[in-house]
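Please read the structure below before turning to the comments.
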Amino acid sequence: MKPYKDQESIENIIIREFDSFINESELVWHRDDCDRTVEILRCEGGWMFQYDNELPFNLAEGDYIKINKDEWHRLHKGDGSLLIKIINHY
């Protein structure tokens, strides 16, 4: 089971929500099949993002994160929910 729920998916855009009830261990290091831009729509309670070989950084509403294809990355769970918009660049 995935640690998120896709609320909407249209062509290359996905609206995805992570709730506060997931377990931190479900947020694993992974790579994506294409370049992505992620917009933080709602961030409650200290969620963080981490690129491989870098320290994690706090997320805030309005932030944009660029993730290159095959780049290792992960989320760190906060106390509340996280809502993001993912734009896939094929």
Side-chain angles (χ1 to χ4, degrees):
M1 186 163 176
K2 296 182 179 180
Y4 56 82
K5 178 182 177 186
D6 287 343
Q7 294 185 345
E8 187 175 341
S9 183
I10 302 171
E11 293 183 23
N12 65 327
I13 297 175
I14 302 166
I15 304 297
R16 181 168 289 171
E17 183 171 24
F18 297 82
D19 68 33
S20 60
F21 302 109
I22 64 170
N23 188 314
E24 174 81 20
S25 65
E26 295 177 88
L27 300 172
V28 297
W29 287 100
H30 67 281
R31 297 182 294 177
D32 298 318
D33 295 336
C34 64
D35 292 347
R36 288 182 159 179
T37 302
V38 177
E39 179 183 359
I40 309 305
L41 301 176
R42 183 181 69 235
C43 184
E44 301 170 341
W47 285 81
M48 295 192 300
F49 182 88
Q50 185 175 10
Y51 292 107
D52 191 26
N53 294 319
E54 294 186 23
L55 294 173
F57 58 88
N58 289 319
L59 297 175
E61 292 176 20
D63 284 353
Y64 286 86
I65 301 167
K66 293 197 180 283
I67 303 168
N68 295 321
K69 175 182 176 178
D70 293 328
E71 183 173 42
W72 287 100
H73 61 281
R74 68 168 288 190
L75 284 170
H76 293 271
K77 183 182 175 300
D79 294 329
S81 65
L82 175 69
L83 184 67
I84 61 175
K85 181 189 337 184
I86 301 168
I87 303 168
N88 292 313
H89 305 285
Y90 296 106

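Computation of the quantities below employed the complete heavy-atom set of this structure, encompassing side-chain atoms and omitting hydrogens, waters and symmetry-equivalent molecules.
Checked against a 6.0 Å centroid threshold, the rings of H73 and F49 count as neighbours.
Atom CZ of F18 is separated from atom NZ of K2 by 10.5 Å, given to the nearest 0.5 angstrom. Note that CG of L75 is 7.5 Å distant from CD1 of I65, once rounded to the nearest 0.5 Å. Atoms CG and OH, on L83 and Y4 in that order, are 14.0 Å from each other to the nearest 0.5 Å.
Pairs of residues two or more places apart, or lying in two chains, that qualify as salt bridge (Lys or Arg N to Asp or Glu O under 4.0 Å) and include a residue from residues 80-90 are E39-K85. Sorted by first and then second residue, the salt bridge (Lys or Arg N to Asp or Glu O under 4.0 Å) pairs involving residues 63-80 (not counting sequence neighbours) are E24-R74.
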List the atom pairs, donor and acceptor, that lie under 3.5 Å between side-chain atoms in residues 41-48 and the rest of the protein, sequence neighbours left out.
| from | atom 1 | to | atom 2 | distance (Å) |
| --- | --- | --- | --- | --- |
| R42 | NE | S81 | OG | 3.2 |
| R42 | NH2 | E17 | OE2 | 2.6 |
| R42 | NH2 | S81 | OG | 3.2 |
| E44 | OE1 | S81 | N | 3.1 |
| E44 | OE1 | S81 | OG | 2.9 |
| W47 | NE1 | E44 | O | 3.4 |
| W47 | NE1 | G80 | O | 3.0 |

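Looking at D19, its side chain does come within 3.5 Å of a backbone N or O of F21 through a donor-acceptor pair. Judged by distance alone, the side chain of N23 and the main-chain N or O of S25 form a donor-acceptor pair under 3.5 Å. Of the possible polar contacts, one joining the N12 side chain to the N88 backbone as a donor-acceptor pair under 3.5 Å is found.
Remark: E11 CD is loosely packed, at most 12 non-hydrogen atoms of other residues, nucleotides or ligands lying under 6.0 Å away.
The shortest side-chain heavy-atom distance between I15 and D6 does not fall under the 4.5 Å cut-off. The side-chain heavy atoms of H30 and D32, taken from C-beta on, include a pair separated by under 4.5 Å. Contact of the Y64 side chain with the V38 side chain is not registered, since no non-hydrogen atoms from C-beta on lie closer than 4.5 Å. With a 4.5 Å cut-off on side-chain heavy atoms, I13 and I86 do not count as touching. Contact annotation: the side chain of C34 never approaches that of H89 to less than 4.5 Å [non-hydrogen atoms, C-beta and beyond].
Cluster membership check: I67 does not share its hydrophobic cluster with W72, using side-chain heavy-atom separations under 4.5 Å among Ile, Leu, Val, Met, Phe, Trp and Tyr.
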Task: Test side chain to side chain contact (heavy atoms under 4.5 Å, CB included) applied to Q7 and R16, step by step - done: CA-CA 6 Å; Q7 294 185 345; R16 181 168 289 171; over 6 Å; no
